[in-house]
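When a ligand or atom number is given, it counts from 1 through the structure's own listing order.
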Amino acid sequence: MSTFSQFSFTGHKALVRVDFNVPLDENFQITDDTRMRATLPTLQKILNDGGAVILMSHLGRPKDGPNNKYSLKHLVPHLHELLGGKVKVFFADDCIGSQAALTASMLKAGEVLLLENLRFYKEEEKGDAAFAEKLSKLGDVYVNDAFGTAHRAHASTAVIAQFFPTGKKMFGLLMEAEVKSAEKVLHESEKPFTAIIGGAKVSDKILIIENLLERATDIIIGGGMAYTFMKARGGKIGNSLCEEDRMPVALEILEKAKAKNVSIHLPEDSVIADKFDAAANTETRPSDAIPDGWIGLDIGPKAVGIFSEIIKKSKTILWNGPMGVFEMEKFQAGTKAIALAVADATRSGAFSLVGGGDSVAAVNKFNLADKVSYVSTGGGAMLEYFEGKTLPGIAAIKETVS
Ligand code: AMP
């Protein structure tokens with residue numbers, strides 16, 4: 001059992017770092033509360049144990065101190081509702097200082113205090129130790145449940161851990177689940193292990209591909225980034241996305257894969273369009289024979305067939321990045337078919353992890369989120385994890401995790 005589940009929060013004040021960086025509309029209504037919901041099991045366990053919860057988070061990217069637009073106070077009514085409507089939720093309009101300290105000290109078991117946006121202080125992102133120490137005084141146990149910011153060495157995500165003794169700092173349930181599923185893919189993957197990498201830019205995904213060359217059996221490359229590989233191999237890609245300066249590294253990756261016996265699969269055909277527009281004229285062509293003026297915006301039916309077969313034979317699947325411009329109906333078939341293939345493979349016993357903003361949006365769009373093994377909440381963090389980097393938020397408390 002994990003440290004968090006074993007810990008009894010009775011009589012404790014848990015200082016919980018969450019990722020409540022949710023999108024708000026112009027009336028400060030939350031348009032997607034996924035991140036808040038994801039952390040509820042952690043909060044409920046602490047409250048049910050008879051502990052009190054002090055929440056700290058960032059919201060947006062405030063530049064110069066307090067700004068109503070980025071105030072976490074807008075989240076209080078919804079948090080109250082998500083916690084069932086009976087739990088008292090207080091708000092402190094500063095995350096440090098005398099008011100925050102007083103409210104925290106008066107907080108009773110079963111109550112929640114949400115602190116104001118941490119990023120109203122520059123010290124947060126700088127990882128300032130004195131600021132972290134001030135925050136640490138508000139609670140007696142530190143719980144990090146903010147996987148979305150685990151790749152940042154900020155005051156509240158990493159530096160703060162040093163002010164709590166071993167046994168009094170731990171991952172929350174969300175963070176644990178994220179780390180466990182990522183570890184399963186990276187270090188305990190059953191073979192064949194297929195990584196599906198898509199999205200717009202090669203430059204964003206080079207490190208992840210290089211790290212996966214050490215682990216995967218097959219790497220499927222789709223989306224806009226596939227055309228840099230196509231062109232590097234001498235193909236004609238018309239006006240498709242291409243990062244010319246990344247063509248040498250694309251070739252290097254293809255060579256390395258050969259040497260390591262990893263199969264890299266590029267889309268044999270593409271759905272091409274005469275303009276980047278939902279109402280464009282479309283045709284299907286080989287991905288290396290796209291006429292001038294035309295743009296590859298989705299993988300084609302042959303590619304879907306080949307990719308789906310590989311996916312269905314896999315025992316471990318990692319998916320990051322869409323296969324095409326799935327936001328437009330005309331270019332969503334490839335991404336949808338791949339999502340279905342991942343769901344099929346999962347049904348047959350494969351472990352599948354979907355991570356990274358747009359592939360998560362895609363499985364949600366096609367209502368397949370509950371048909372894959374795990375959907376990660378942390379875009380950038382998950383990416384860095386799969387690049388093989390040590391995430392400061394994880395490293396800071398890892399020694400206490402069993
Ligand atoms: P990323 O954030 O790098 O995973 O990229 C996701 C974005 O890539 C999505 O908004 C897609 O619309 C876009 N995308 C995927 N395939 C293509 C393509 N063939 N051409 C242009 N954009 C694409």
What are the atom names and distances for all N or O pairs under 3.5 Å between ligand 1 and the protein?
residue	atom	partner	partner atom	Å
ligand 1	3 (O)	A200	N	3.2
ligand 1	4 (O)	K205	NZ	3.2
ligand 1	5 (O)	A200	N	3.0
ligand 1	8 (O)	A200	N	3.3
ligand 1	10 (O)	E327	OE2	2.5
ligand 1	12 (O)	E327	OE1	2.7
ligand 1	12 (O)	E327	OE2	3.3
ligand 1	16 (N)	G224	N	3.1
ligand 1	19 (N)	G224	N	3.3
ligand 1	19 (N)	G296	O	2.9

May I ask you to check whether K73 and N68 show a side-chain donor-acceptor distance below 3.5 Å? yes
Do the charged groups of K45 and E176 touch, with an N to O distance under 4.0 Å? no
Counting the benzene-type ring for Trp, do F4 and F9 have ring centres under 6.0 Å apart? yes
Could you state the interatomic distance from OG1 (T284) to NZ (K302), rounded to the nearest 0.5 Å? 9.5 Å
One should read off an interatomic distance between S8 OG and D49 CG, to the nearest 0.5 angstrom, of 5.0 Å
For the backbone of G321 and the side chain of D358, can you confirm whether one donor and one acceptor N or O come within less than 3.5 Å of each other? no
